[in-house]
A.B. asks: 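Submitted below is the structure of interest, expressed as structure tokens.
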Amino acid sequence: MLDKNFDPAAVEQRLYEGWEKAGAFGARPEGNAAPFTIMIPPPNVTGSLHIGHALTMTIQDTLTRWRRMQGRDALWQPGTDHAGIATQMVVERLLASEGKDRRQMGREAFLDRVWQWKAESGGSITRQLRRLGASLDWPRERFTMDDGLSTAVREVFVTLHDQGLIYRDRRLVNWDPKLLTAISDLEVESREVKGSLWHLRYPVEGKEGRFITVATTRPETMLGDTAIAVHPEDPRFADLVGKRAILPLVGRAIPIVADEYSDPEKGSGAVKITPAHDFNDFEVGRRHALAMPSVLTADALVTLEEIEADLRDIPGVADADFVRGLAGQDRFAARKAIVARLEELGLVEKIDPHTHAVPHGDRGGVPIEPRLTWQWYCDAKTLAQPAIKAVESGAMTFHPRQWENTFFAWMRDIQPWCVSRQLWWGHRIPAWYGPEGMIFVARDEAAAQAKARAHFGHDVALDRDPDVLDTWFSSALWPFSTLGWPEKTPELAKYYPGSVLVTGFDIIFFWVARMMMMGMHFMGDVPFRDIYIHGLVRDERGQKMSKSKGNVMDPLELIDAYGADAVRFTICALTGPGRDVKLGRQRVEGYRAFATKLWNAARFLEMNGIAPDVRFDAAAVKTPLARWLLDATNRAVADASLALEAYRFDDYAQASYRFVWNGFCDWFLEFAKPVLNGPDGAEKTEIKGVAQHVLGVILRLLHPSMPYITEELWDRFGYGEPCSLIRAEWPGAITVEGAADARAELDWVVSLIGDLRTVRAEMNVPPSVTAPLLLQGATPETLARAGRWIDAIRRLGRVTELTALAGEAPAGVAQFVVGEATAMLPLAGIIDFAAERARLSKERGKLDVEAQKIEAKLGNPDFVARAKEEVVEENRERLATAQAEIARLDAALARLGK
RNA sequence: GGGCGCUUAGCUCAGCGGUAGAGCGCCUGUCUUACACACAGGAUGUCGGCGGUUCGAACCCGUCAGCGCCCA
């Protein structure tokens with residue numbers, strides 16, 4: 001016997017292990033079934049399961065379980081990525097607590113230590129995914145630093161290099177002075193910062209007393225200024241173009257150039273140009289062939305190495321000693337010192353408060369510093385073209401579609417991708433440096449040596465590039481590297497391209513676009529057909545979750561409190577297309593109630609001895625109730641399937657919820673009770689049969705979103721072997737004979753009972769009071785129908801008996817209209833006539849408004865002439881119905897008036 | 001500044017040319033032999049404003065306002 005409530009904690013682990021042990025999650029590459037492939041967005045190996053994972057993984061698992069039940073050979077590929085910066089930071093912090101430093105211990109020892117850390121703590125997220133019920137094919141788990149995936153990375157790097165699509169270049173890069181590495185454009189986020197706009201006066205060379213004022217937000221970079229730019233058409237500066245200005249403090253003479261980059265509307269109209277420390281200035285520097293001295297080190301400390309020779313003393317303008325004193329100072333300290341010294345010299349015209357966007361490193365959190373360095377770049381522009389075409393042609397489709405705009409906007413204006421990182425943890429760049437500046441890119445050291453030997457004619461010493469690749473470089477290969485590429489494996493042949501990629505919009509550029517580029521280039525085909533983009537999880541008020549706001553929800557804690565099924569079903573129910581998921585505990589609690597409802601419905605069947613019955617033939621049912629239920633089941637299954645097909649998880653949840661609660665529980669089980677309590681016989685056998693059949697359908701229908709409770713019930717009832725629901729067949733439609741008749745009959749009963757209840761409630765008739773029901777003006781068919789359902793009407797409508805009324809109505813009845821008949825409840829002494837009159841009048845009023853609206857419509861000749869015929873006809877029918885009902889209500893009111 | 005999206009019941013949202021809906025919440029009643037994580041009943045909307053197209057607009061078009069996100 002089932003307990004009164006479902007206890008998730010008691011079954012979840014057992015069932016998950018049961019599935020896993022039975023190999024139920026495993027793909028079957030040797031079989032003939034059509035594949036269904038989802039590549040997990042590999043979580044960061046340092047990570048732990050957060051609510052965003054719960055969202056994306058619930059969606060992926062729901063799709064995977066559904067397709068698996070449909071008979072597809074489902075592969076949900078698990079794994080994690082090595083998260084270069086994040087992991088290195090974690091281990092360095094650990095070392096710091098032991099008083100150690102990676103530089104002291106050296107590269108080899110440090111990497112050993114990272115692997116050791118990974119072995120000990122790196123797997124927590126995969127354990128947590130199991131708690132959610134995620135049916136990943138664990139034996140196929142991959143890690144981006146695995147041997148196989150590393151081979152793929154080297155293969156891709158070398159190939160792209162040979163094709164000229166990866167190259168080394170010296171240009172400005174986004175440099176993180178805290179983490180001491182280059183990062184890509186995408187890893188930079190703008191943050192609004194309240195700063196100042198300093199207006200600095202630079203003396204014009206050879207024109208005593210003449211100054212040109214430049215406006216800047218970064219005065220400390222002035223040491224590296226090599227020009228001043230003004231707009232070519234700006235009359236204020238026309239006479240100065242071609243002249244030179246003296247750079248204050250330093251004393252270097254710098255040209256005043258005309259360049260459209262300078263915006264006459266902004267600041268002072270003149271802008272200082274520091275090519276080595278600003279992306280725009282770099283471009284101006286290139287156009288005007290300016291020198292590009294760097295004045296900051298990797299740590300963002302002032303360095304004078306490249307400007308030492310320029311330093312001069314000019315009274316009132318330049319101060320070499322002061323500048324020398326800046327060496328080694330932090331960029332922000334230097335800013336203060338420089339501004340102070342300029343003020344002393346009277347070279348600061350004004351300081352305006354200024355809020356502007358400052359680029360920050362997304363990992364380190366400090367302002368990034370544009371820095372002139374040699375780095376490896378990937379020619380994203382070229383690689384992007386086939387990916388763009390594949391989306392344009394529909395070979396890949398975004399869901400919701402609108403994300404294609406975002407995708408195109410970025411892809412069509414894509415910049416070279418800086419792929420090198422000055423880290424130790426990651427895929428080391430397969431490039432070796434030899435004498436005379438020669439670089440040999442090869443799959444391994446031996447191959448590099450061979451290339452060097454071929455070039456020089458003898459063996460030479462080679463040094464390997466110390467840098468590693470961007471983690472996203474290896475993630476970009478995930479859809480094929482996990483399947484064994486560059487080997488030609490059966491898995492690669494079967495599971496590439498993937499069916500759908502599920503991820504958040506924040507990752508479209510980082511990962512989705514890059515997988516497309518690499519997939520198109522190396523596999524010659526798209527990496528996946530569909531891209532389902534979901535929103536963010538927010539709190540119930542729509543606020544983004546953050547530690548500082550204290551509104552973070554822990555999915556594991558929610559699972560502990562409500563069960564994984566409730567969490568998953570809530571997520572499905574709230575996941576509309578293009579919408580964020582606003583999650584609150586109350587929502588999860590509400591959907592736990594749904595799980596309890598299902599549990600208790602099953603418990604009721606169990607109490608009535610209803611069990612799986614293979615002899616039951618759904619196509620052969622005779623009773624209207626069984627036919628009605630099977631028909632409703634068909635519709636629920638069709639709605640749910642269509643919803644999943646369209647990635648409408650909200651519609652899927654709603655269709656299942658409504659069918660189970662409002663269809664199966666509220667009506668079917670209530671109608672079944674009199675039969676189940678009645679004598680044994682064909683009818684009872686059929687109702688029990690259809691009940692077990694439909695419970696089986698419900699368990700299968702809900703399994704993708706609520707795997708545990710459904711499997712538990714499936715197993716306890718014995719629908720199959722333990723842990724077999726996960727691979728049971730997804731339900732389909734069955735032919736129901738006489739479905740329309742059954743629907744008409746049950747609709748009539750439902751509406752009769754509904755009206756009966758409404759009248760009783762509005763008349764404040766206590767449930768303990770029962771009464772006979774009189775039907776006046778009913779056709780013989782209606783009376784026969786009422787007779788067939790008398791037991792249900794008695795039970796659900798608190799009616800003692802039902803009789804046809806031929807003559808006059810007795811005094812003291814509550815009345816309502818049902819179809820062609822008027823129903824009457826003789827409740828003399830109980831009903832309040834004034835209340836009854838008011839109720840009937842209100843009813844009549846509503847109908848009257850309705851009828852008037854329709855009359856007005858039909859009275860409009862334009863409507864009758866121009867609207868579609870069926871619309872006009874429909875309105876005529878509605879008017880007739882309303883008018884007939886008004887007439888019966890008038891009769892009822894007249895009787896009351898006596 | 002450019003782009004995208006949103007604005008419908010107290011809340012979260014569906015509906016996207018022909019009768020304004022759901023869930024939750026709220027109010028009332030009920031321990032009716034599966035379920036009080038329940039059952040039954042009820043109330044609630046100038047569908048953001050304005051203008052247009054149409055026989056007919058929450059839905060299509062224009063415009064304004066507010067909110068959110070992305071890019072500069």
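All values reported here derive from a predicted model rather than from experimental measurement. All chains are named by letter (A, B, ...) in the order of the sequence lines, taking the proteins before the strands, and each is independently numbered beginning at 1.
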A.B. asks: Between B:G18, B:C35, B:G23, spot the one nearest the side chain of A:Lys857, thanks.
C.D. replies: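 For A:Lys857, the side-chain atoms sit closest to B:G18.
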A.B. asks: Give one of base, sugar-phosphate or nothing for A:Ala761, where a contact means two heavy atoms less than 4.0 Å apart.
C.D. replies: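 Sugar-phosphate only.
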A.B. asks: What integer number of Å spans the P atoms of B:C16 and B:C59?
C.D. replies: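 After rounding to an integer number of Å, I get 13 Å for this pair.
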A.B. asks: Do the charged groups of A:Lys857 and A:Glu874 touch, with an N to O distance under 4.0 Å?
C.D. replies: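 Salt bridge between A:Lys857 and A:Glu874, a charged N being under 4.0 Å from a carboxylate O: no.
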A.B. asks: Reckon A:Arg592 touches a base, only the sugar-phosphate, or nothing at all at heavy-atom distances under 4.0 Å?
C.D. replies: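 The answer is base, as A:Arg592 lies within the cut-off (heavy atoms under 4.0 Å) of a base atom.
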A.B. asks: If you define the side chain from C-beta out and look only at heavy atoms, does anything of A:Met396 sit under 4.5 Å from A:Ile531?
C.D. replies: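 With C-beta onward as the side chain, the pair touches.
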A.B. asks: Between B:U33 and B:A40, how many Å separate the two P atoms, rounded to a whole number?
C.D. replies: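 Result for the P pair: 14 Å, nearest Å.
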A.B. asks: One thing to verify: whether A:Glu557 and A:Arg585 come together as a salt bridge, which I'm taking to mean a side-chain N less than 4.0 angstrom from a carboxylate O.
C.D. replies: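 Judged by the 4.0 Å cut-off on N to carboxylate O distance, A:Arg585 and A:Glu557 do form a salt bridge.
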A.B. asks: Looking across every strand, which nucleic acid part, if any, lies under 4.0 Å from A:Tyr657 by heavy atom: base, sugar-phosphate, or nothing?
C.D. replies: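 The residue A:Tyr657 makes sugar-phosphate contact but no base contact.
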A.B. asks: Could you please name the option among B:G23, B:A34, B:C4 that lies closest to any side-chain atom of A:Asn600?
C.D. replies: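 That would be B:A34.
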A.B. asks: Rounding to the closest angstrom, what is the interatomic distance between B:G1 and B:C64 at atom P?
C.D. replies: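 About 13 Å, rounded to a whole number of Å.
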A.B. asks: To the nearest angstrom, how far is A:Tyr591 atom OH from B:C24 atom C1'?
C.D. replies: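 Value for this atom pair: 8 Å.
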A.B. asks: In the structure shown, which nucleotide is the Watson-Crick or G-U wobble counterpart of B:G56, with both distances under 3.5 Å?
C.D. replies: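 Across any shown strand, B:G56 pairs with none.
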A.B. asks: If you assign each of A:Met607 and A:Arg579 to its closest nucleotide in RNA chain B, which residue comes earlier from the 5' end?
C.D. replies: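 It is A:Arg579, whose closest nucleotide lies nearer the 5' terminus.
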A.B. asks: So which nucleotide does B:U19 pair with, by the Watson-Crick or G-U wobble rule with both distances under 3.5 Å?
C.D. replies: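 Across any shown strand, B:U19 pairs with none.
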A.B. asks: Using a heavy-atom cut-off of under 4.0 Å over every strand shown, decide if A:Asp666 touches base, sugar-phosphate, or nothing.
C.D. replies: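 Here A:Asp666 touches the backbone only, sparing every base.
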A.B. asks: Would you call A:Asp791 and A:Arg794 a salt bridge, taking side-chain N to carboxylate O under 4.0 Å as the test?
C.D. replies: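 Salt bridge between A:Asp791 and A:Arg794, a charged N being under 4.0 Å from a carboxylate O: yes.
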A.B. asks: Report which part of the nucleic acid A:Lys868 touches: base, sugar-phosphate, or nothing (heavy-atom distance under 4.0 Å, all strands).
C.D. replies: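 Base, at least one base heavy atom under 4.0 Å.
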A.B. asks: Does A:Lys853 place a side-chain N or O at less than 4.0 Å from the phosphate oxygens OP1/OP2 of B:G56?
C.D. replies: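 So the side chain of A:Lys853 is outside the cut-off, no N or O lying under 4.0 Å from OP1 or OP2 of B:G56.
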A.B. asks: Does any nucleotide pair with B:C47 by Watson-Crick or G-U wobble geometry, both distances under 3.5 Å, and what is it?
C.D. replies: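 For B:C47, the partner nucleotide comes out as none, under the 3.5 Å rule.
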A.B. asks: Is the ring pair A:Tyr647/A:Phe649 parallel, tilted or perpendicular, if the boundaries are 30 and 60 degrees?
C.D. replies: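 Tilted.
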A.B. asks: Using atom C1' of each nucleotide, how far apart are B:G23 and B:G15 to the nearest Å?
C.D. replies: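 Approximately 15 Å lies between the C1' atom of B:G23 and that of B:G15.
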A.B. asks: Take atom P in B:G25 and the same atom in B:U12, then report the distance between them in whole Å.
C.D. replies: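 Looking at atom P only, B:G25 and B:U12 are 15 Å apart.
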A.B. asks: Nearest to the side chain of A:Glu670, which nucleotide is it out of B:G18, B:A36, B:A34?
C.D. replies: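 Among B:G18, B:A36, B:A34, the one nearest the side chain of A:Glu670 is B:A34.
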A.B. asks: Does any N or O donor sit under 3.5 Å from an N or O acceptor when you compare the side chain of A:Lys597 with the base of B:C35?
C.D. replies: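 Such a pair is found, so the answer is yes.
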A.B. asks: Do the two ring centres, one from A:Phe407 and one from A:Trp403, sit under 6.0 Å apart?
C.D. replies: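 Ring-ring flag for A:Phe407/A:Trp403: false, centres at least 6.0 Å apart.
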A.B. asks: Assign A:Arg757 to base, sugar-phosphate, or nothing according to its heavy-atom contacts below 4.0 angstrom with the strands shown.
C.D. replies: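 Sugar-phosphate contact only.
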A.B. asks: Side chain of A:Gln402: nearest nucleotide among B:G29, B:G5, B:G18?
C.D. replies: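 Nearest listed nucleotide: B:G5.
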A.B. asks: Give me the distance, rounded to whole Å, that separates B:G68 from B:A36 when you measure between the C1' atoms they each carry.
C.D. replies: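 Their C1' atoms lie roughly 40 Å apart.
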A.B. asks: Report yes if a side-chain nitrogen or oxygen of A:Arg866 is closer than 4.0 Å to either non-bridging phosphate oxygen (OP1 or OP2) of B:C55; otherwise report no.
C.D. replies: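 Yes, such a contact exists.
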A.B. asks: Across the strands shown, which category fits A:Trp661 at heavy-atom distances under 4.0 angstrom: base, sugar-phosphate, nothing?
C.D. replies: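 The answer is sugar-phosphate, as A:Trp661 gets under 4.0 Å only of primed atoms, P, OP1 or OP2.
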A.B. asks: Could you work out the separation of B:C13 and B:C47 based on their C1' atoms and round it to a whole Å?
C.D. replies: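 Result for the C1' pair: 13 Å, nearest Å.
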A.B. asks: Is the shortest side-chain N/O distance from A:Lys4 to OP1 or OP2 of B:A36 below 4.0 Å?
C.D. replies: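 True: A:Lys4 side-chain N/O within range (under 4.0 Å) of B:A36 OP1/OP2.
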A.B. asks: Tabulate below the donor-acceptor pairs under 3.5 Å that side-chain atoms of residues 596-609 of chain A make, not counting sequence neighbours, or state none.
C.D. replies:
| unit_1 | atom_1 | unit_2 | atom_2 | d |
| --- | --- | --- | --- | --- |
| A:Thr596 | OG1 | A:Arg592 | O | 3.0 |
| A:Trp599 | NE1 | A:Asp3 | O | 2.8 |
| A:Asn600 | OD1 | A:Arg603 | NH1 | 3.4 |
| A:Asn600 | ND2 | A:Lys4 | O | 3.3 |
| A:Asn600 | ND2 | A:Thr596 | O | 3.1 |
| A:Arg603 | NE | A:Leu2 | O | 3.3 |
| A:Glu606 | OE1 | A:Leu2 | N | 2.8 |
| A:Asn608 | ND2 | A:Phe604 | O | 2.9 |

A.B. asks: Quick one: which of B:C37, B:C35, B:A14 gets closest to the side chain of A:Arg648?
C.D. replies: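 So the side chain of A:Arg648 is nearest to B:A14.
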A.B. asks: Any N or O donor-acceptor pair linking the side chain of A:Lys673 to the base of B:A34 at under 3.5 Å?
C.D. replies: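 Looking at the base of B:A34, it does pair with a donor or acceptor on the side chain of A:Lys673 (distance under 3.5 Å).
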A.B. asks: Given B:U19, B:U12, B:C35, which nucleotide is nearest the side-chain atoms of A:Lys582?
C.D. replies: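 So the side chain of A:Lys582 is nearest to B:U12.
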A.B. asks: Considering every strand shown, what is the Watson-Crick or G-U wobble mate of B:A40 when both distances are under 3.5 Å?
C.D. replies: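 Pair assignment: B:A40 / B:U28.
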A.B. asks: Rounding to an integer number of Å, can you tell me how far A:Gln543 CD sits from B:U12 P?
C.D. replies: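 Answer to the nearest Å: 12 Å.
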A.B. asks: Looking at A:Glu670 and A:Lys673, is any side-chain nitrogen of the basic one under 4.0 Å from a carboxylate oxygen of the acidic one?
C.D. replies: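 Yes.
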A.B. asks: Could you give the CG-to-C1' distance, from A:Leu669 to B:U33, as a whole number of Å?
C.D. replies: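 Rounded to whole Å, this separation is 14 Å.
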A.B. asks: What nitrogen or oxygen pairs link the protein and nucleotides 70-72 of chain B at under 3.5 Å?
C.D. replies:
none

A.B. asks: Using a 4.0 Å heavy-atom cut-off, does A:Gln654 contact any base of the nucleic acid, only the sugar-phosphate backbone, or nothing at all?
C.D. replies: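 A:Gln654: backbone/sugar contact only, no base atoms under 4.0 Å.
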A.B. asks: Quote, to the nearest angstrom, the P distance that separates B:A9 from B:A58.
C.D. replies: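 Each nucleotide's P atom is 15 Å from the other's.
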A.B. asks: Could you tell me the Watson-Crick or G-U partner of B:C69, where both distances fall under 3.5 Å? Say none if there is no partner.
C.D. replies: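 Because both required distances fall under 3.5 Å, B:C69 counts as paired with B:G3.
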A.B. asks: Checking contacts here: which listed nucleotide (B:G42, B:A34, B:C35) is nearest the side-chain heavy atoms of A:Thr758?
C.D. replies: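 Ranking B:G42, B:A34, B:C35 by closest atom to the A:Thr758 side chain puts B:G42 first.
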A.B. asks: Does the distance from a Lys or Arg side-chain N to an Asp or Glu carboxylate O, for A:Arg876 and A:Glu873, drop under 4.0 Å?
C.D. replies: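 Yes, A:Arg876 and A:Glu873 are salt-bridged.
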A.B. asks: In the structure I gave you, are the side-chain heavy atoms of A:Arg514 and A:Leu186 within less than 4.5 Å of one another anywhere?
C.D. replies: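 Side-chain contact under 4.5 Å: yes.
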A.B. asks: Could you say whether A:Gln586 or A:Glu762 is positioned toward the 5' end of RNA chain B, judged by the nucleotide with the nearest heavy atom to each?
C.D. replies: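 Of the two residues, A:Gln586 wins.
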